[in-house]
Protein chains: 2
Amino acid sequence: MSIDISPTSARAAGRPREFDIDEALDKAITVFSEQGYHGTSISDLREAMGLTAGSLYKAFKDKHAIFLASFDRYKQVRNALLDEELAKATDGRDGVRRMLAFYAEGAHGDGGRRGCLAVGTAVELAIFDDEAARRVERSMDRFETTFEALIRRGQEDGTVNRSIEPNATARLLLSVVQGLRVLGKTSPSRAQTFSVVDVAMTLLD
Amino acid sequence: MSIDISPTSARAAGRPREFDIDEALDKAITVFSEQGYHGTSISDLREAMGLTAGSLYKAFKDKHAIFLASFDRYKQVRNALLDEELAKATDGRDGVRRMLAFYAEGAHGDGGRRGCLAVGTAVELAIFDDEAARRVERSMDRFETTFEALIRRGQEDGTVNRSIEPNATARLLLSVVQGLRVLGKTSPSRAQTFSVVDVAMTLLD
DNA sequence: CCTATTTGGAAACAATCATTTCCTAATTGG
DNA sequence: CCAATTAGGAAATGATTGTTTCCAAATAGG
């Protein structure tokens, strides 16, 4: 029995995995987003991920673990894209607009129909699944905090009205964004979706 | 073979049903709201509704029919309550406030955790279930139209700013309301929920 | 009172569910 | 090159799924 401090890059003993875990999770994200957790069977996942049950259960403990891993990857990818977008923001107001536009972009057309995995998880699993609920709450908190920070930044740089309440307004914008994801399920037009963004922006005047 | 134009009140031949359909559907609504369609088994429904499988399948064609009947009753009850609330409105602005408050009231605490059956249906079933999707769309349209009518009424009676665009603003309010239902799944406080309503109302100034 | 009709309810149904088992294949370390 | 370890994959697992069947009970109309 020896203490193992091997780097993660070192390949473990045994036959190497023949598929990329993240690529497989990306397929799982699509299925879970479209069909939900209970609506997705292991067969659905096998087919979408191109794996046999054996491989699935060697890579993940069970269906629930596949779901949580999919959720985590979904958030990681989406957050990275959002951060990239927010890095371009010239001021607080521009940041809010970019953030709203980022979600509006995902809430219409095919992506809107597919849905948001965080919203789906909140609606389907948050009551009885503590691990899922914790992840949803963390995700919502992050959005709210980011909105609030952008509003405060705008109030300092003069692009956002100083008399509005940052936290309450951030929470309203969070509601709008989650609501757009729900409405996106009935595939509204791009214009319809972005008109909501335009109205929301007037709150900063 | 004779043409039957008997009133619906006349009892048909055969053993009479021993349970009230609407009461049973109210139990089903709770289960479907909490667990979703795929997360709810016939056993769950039997237990909640206090019925045997035989009785269930004599009253309804199948699980899907139970769900649609539950959805229809949910909307009927909620719409009746909303109409009652809106009848008290003194002007357009007051109507918008009452409508927002009506949903905020249902979106926090235990009711918020339980969730909205329309939102759950939109998220879980709208893509692959046409009958469910049609019902969701009709429900959303009704909300949007009601909001828009209240805004126009407010613009006429002088309680709502005449320079705002009624349709776009109505759609934003619709988004807010749906978003509150999503956020309600992580059981926010009453104050947190209503602060969103207060901010939304400033759009009418 | 008899027939037709419908419900209540237990038991049975095939199908599908998530998961495991078992064997072979592929790799690492010694 | 051998032992240990892990992955791939087909087949089997028991449990649960939604639904049906069958029989007794309760009603209406004739």
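Order of the sequence lines fixes the chain letters, A, B, ..., with proteins taken first and strands second; residue numbering starts at 1 for each chain.
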For this session: Take R152(A) and E148(A) through the test salt bridge (Lys or Arg N to Asp or Glu O under 4.0 Å) and record every step on the way to the result.
Result: CA-CA 6 Å; R152(A) 289 188 192 280; E148(A) 186 175 335; 2.8 Å; yes
Seminar exercise, completed: Separation of dC23(C) atom P from Y57(A) atom OH, nearest Å, is 21 Å
For this session: To the nearest Å, give me how far apart CG (L45(B)) and P (dT19(D)) are.
Result: 11 Å
Exercise. Closest nucleotide of DNA chain D for L51(A) versus for E18(B): which of these residues is on the 5' side?
Worked result: L51(A)
Problem set entry | Among dT17(D), dT27(C), dA18(C), the one nearest S41(B) by side-chain distance | dT17(D)
Seminar exercise, completed: Out of dA10(C), dT17(D), dT19(C), minimum distance to the side chain of T52(B) belongs to dA10(C)
For this session: Using a heavy-atom cut-off of under 4.0 Å over every strand shown, decide if F60(A) touches base, sugar-phosphate, or nothing.
Result: nothing
Exercise. Aromatic ring centroids of F71(B) and F32(B) under 6.0 Å?
Worked result: no
Problem set entry | Options dG8(D), dT7(C), dT19(D), nucleotide nearest the side-chain atoms of R15(B) | dT7(C)
For this session: To the nearest Å, give me how far apart CD (E47(A)) and P (dC17(C)) are.
Result: 11 Å
Exercise. Quick check: does any side chain N or O of E144(B) sit under 3.5 Å from a backbone N or O of L174(B), one acting as donor and the other as acceptor?
Worked result: no
Seminar exercise, completed: Rounded to whole Å, NZ of K58(B) lies from P of dT27(D) at a distance of 16 Å
Problem set entry | Rounded distance (Å) that lies between atom P of dT17(D) and atom CD1 of I42(A) | 16 Å
Exercise. Considering only side-chain heavy atoms of K63(A), which listed nucleotide, dG8(D), dT19(C), dG8(C), is closest?
Worked result: dT19(C)
Exercise. Counting distance only, does the side-chain N/O of Q192(B) pair as donor-acceptor with the main-chain N or O of S187(B) below 3.5 Å?
Worked result: no
Exercise. Of the nucleotides dA26(D), dA18(C), dT27(C), which one has an atom closest to the side chain of P16(A)?
Worked result: dT27(C)
Exercise. Under 3.5 Å, is there a donor-acceptor pair between the T202(A) and D205(A) side chains?
Worked result: no
Problem set entry | F19(B) CZ to dT7(C) C1', straight-line distance once rounded to whole Å | 9 Å
Exercise. Between M49(A) (CE) and dG8(D) (P), how many Å, whole number?
Worked result: 12 Å
Seminar exercise, completed: Whole-Å distance, R17(A) CZ to dA25(C) P, equals 20 Å
Exercise. Between K61(A) and S43(A), who's closer to the 5' end of DNA chain C by nearest nucleotide?
Worked result: S43(A)
